There are 2 protein chains.
Amino acid sequence: MPQPSAPRKALGRPPRISREEIIETARRIVYEGGVDRLTMRRLATEVGSTPMALYHHVRDKEELLVLLLDDYAARTLRRPELPADPRERVVVAAAAIHEALVACPWIVEVLTADDLMSTTALWFVEQIVDGLAACGLSPDRAVHGYRAIWYYTAGEIVVRTTAARRRAGDDRTTYRERAFAELDPHELPRLAQVADRWAPLTAEDTYLDGLRALVDGLLLSR
Amino acid sequence: MPQPSAPRKALGRPPRISREEIIETARRIVYEGGVDRLTMRRLATEVGSTPMALYHHVRDKEELLVLLLDDYAARTLRRPELPADPRERVVVAAAAIHEALVACPWIVEVLTADDLMSTTALWFVEQIVDGLAACGLSPDRAVHGYRAIWYYTAGEIVVRTTAARRRAGDDRTTYRERAFAELDPHELPRLAQVADRWAPLTAEDTYLDGLRALVDGLLLSR
DNA sequence: ACCTGAACACCGTTCAAGT
DNA sequence: ACCTGAACACCGTTCAAGT
């Protein structure tokens, strides 16, 4: 597998397209039309080449997607000012990752295709693990704590993105809406009580509240 | 769109295949070969018909997937004994949902294609919302609390399933592994400290710990 | 009402050959 | 070393026609 690579002897045919060019074009396609539009064939023609030429620069489509996520992270993740309080540091670092992911809904495809993330993101992971450790968790528990935060964050992104796609998509009522409509208030009184406010309630952005609750809870058991 | 349906006048041609038959066959295909094997064409031949016959019984592939999830839930979700303590009730209900999802890794495709779930699952949602409310949260906060638990649970499933697929898949090192290997211990000391134990640490099943932390945290802010 | 056949408009990837 | 062309083995879905 060829790398972007150190200077090399000019053996054989000179490259016509580069890894960078491929990623750049892929980014444009995704930006303009969503991940679904990103196919190897389309990418090839947009880059002015053939599908198979791409396979000389990336192993397969999955690698391309991960490369794209790396590229996105390196390009947009800015290190925030970190507060002195370690607990707040955890919250701020996690929220920064979350914010970057929210702005990048195609990410879900990649999230479910590889776990976290580029070198760029490791600094944020470090802040979270370190913050938890500074609050008194053992190194092991700090890592587990980070994982819990990552599950929560990834889940929020996946569920939110799906819901948004759904809303955009079409008008057919979801199964949940139908289920809520025919709900028996004797068997499920709490749900019946909030049934008509369920949609707006669950559409509210409560990521930060949940994150704080999770961090607080993780530090309770210290 | 035809329903499984109330008794109907026997007008026109009698059906050769039914919704139930389709779902049953789809379940078998997924069980034997994974979701990737479930295509409309394969399903059609397995059911002894043509692709287009299916579209008379389900709207499209996505509906089929949701139907399959419903079927799975109705078939395997058993209501657990609930403890008297409301906080424990929340934990037990969430853990029951989680357990059902873990046993059903193809679910990820559907999770990212629709949010929760069949009528069967609503009983569990009720228990969680009710437990949180019984601990003193307002109805709104109880719903938000449930959502946080759902994000955490869905995220755990997505990340876990992906990691497992990856492990099964091939031997190429992940980006994370590579990134961890070349990690600068001065810039990222905490990660350097646990670098060689990262894989086993994050492979541990800590769902319940994280869940308890989250629930504790949600109830702190009461 | 229900099903079929043929077609449309695609996919990702491999293989053998060319420059 | 890098790229091309043709092919393989598929997809989901629509449309027009048949029973």
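Note that the coordinates shown come from a computational prediction; the quantities given were computed from them, not determined experimentally. Throughout, protein chains are lettered first and strands after them, A, B, ... in sequence-line order, and every chain is numbered starting at 1.
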message = Measuring only the C1' atom in each nucleotide, how far is C:dA16 from D:dC3? A whole number of Å is fine.
response = 13 Å

request  = For D:dC11 versus C:dC8, give the span between their C1' atoms, rounded off to a whole number of Å.
outcome  = 12 Å

Phosphate OP1/OP2 of [N]: any [X] side-chain N/O under 4.0 Å:
X       : N      : result
B:Thr50 : C:dC3  : no
B:Thr39 : D:dC11 : yes
A:His57 : D:dC3  : yes

What's touching nucleotides 13-19 of chain C from the protein side, N or O pairs under 3.5 Å?
unit_1: C:dT13; atom_1: OP2; unit_2: A:Tyr55; atom_2: OH; d: 2.5
unit_1: C:dT13; atom_1: OP2; unit_2: A:Lys61; atom_2: N; d: 3.3
unit_1: C:dT13; atom_1: O5'; unit_2: A:Tyr55; atom_2: OH; d: 3.4
unit_1: C:dT13; atom_1: O4; unit_2: A:Arg41; atom_2: NH2; d: 3.4
unit_1: C:dG18; atom_1: N2; unit_2: A:Arg13; atom_2: NH1; d: 2.6

Interatomic distance, [X] [atom1] vs [N] [atom2] [rounded to whole Å]:
X       : N      : atom1 : atom2 : result
B:Arg16 : C:dC2  : CZ    : P     : 13 Å
A:Leu43 : C:dC10 : CG    : P     : 16 Å
B:Ile22 : C:dC2  : CD1   : P     : 12 Å
A:Leu64 : C:dG12 : CG    : P     : 10 Å
A:Ile17 : D:dC2  : CD1   : P     : 11 Å
B:Asp36 : C:dC11 : CG    : P     : 18 Å
B:Arg37 : D:dA9  : CZ    : C1'   : 13 Å
A:Leu54 : D:dG5  : CG    : P     : 14 Å

inquiry  = Suppose we define a pair by two distances each less than 3.5 Å, Watson-Crick or G-U wobble; what does D:dC10 pair with here?
reply    = none

ask   = What is the pairing partner of D:dG5, taking Watson-Crick or G-U wobble pairs with both distances under 3.5 Å in any strand?
value =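 Matched D:dG5 with C:dC15 under the 3.5 Å cut-off.
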
inquiry  = Between B:Tyr152 and A:Trp150, is the ring-ring contact (aromatic ring centres under 6.0 Å, His included) condition met? List the steps.
reply    = CA-CA 9 Å; B:Tyr152 171 70; A:Trp150 173 236; over 10 Å; no

query = Is the closest side-chain heavy-atom distance between A:Val194 and A:Arg197 below 4.5 Å?
reply =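 A side-chain contact exists here, since the closest heavy-atom pair is under 4.5 Å.
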
query = Are A:Arg160 and A:Asp205 ion-paired here, with the side-chain N under 4.0 Å from a carboxylate O?
reply =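 A:Asp205 and A:Arg160: salt-bridged.
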
query = Considering all heavy atoms of both residues, which atom of A:Arg75 and which atom of A:Arg27 are nearest to each other, and what is their separation?
reply =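 Between these two residues, the closest heavy atoms are NH2-NH1, 2.9 Å.
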
inquiry  = Classify B:Arg42 by what it touches in the nucleic acid, base, sugar-phosphate, or nothing, heavy-atom distance under 4.0 Å.
reply    = sugar-phosphate

Show the atom names and distances, to 0.1 Å, of all donor-acceptor pairs under 3.5 Å that link a side chain in residues 39-52 of chain A to residues at least two apart or in another chain.
unit_1: A:Thr39; atom_1: OG1; unit_2: A:Arg42; atom_2: N; d: 3.0
unit_1: A:Arg42; atom_1: NE; unit_2: A:Arg37; atom_2: O; d: 2.9
unit_1: A:Thr45; atom_1: OG1; unit_2: A:Arg42; atom_2: O; d: 2.9
unit_1: A:Glu46; atom_1: OE1; unit_2: A:Arg28; atom_2: NH2; d: 2.3

inquiry  = Does either side chain, that of B:Tyr151 or that of A:Thr153, offer a donor lying less than 3.5 Å from an acceptor on the other one?
reply    =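 No, no side-chain donor-acceptor pair sits under 3.5 Å.
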
task = Give the ring-plane orientation class for B:Trp198 versus A:Tyr146, where under 30° counts as parallel, over 60° as perpendicular and anything between as tilted.
result =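 B:Trp198 and A:Tyr146: tilted rings.
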
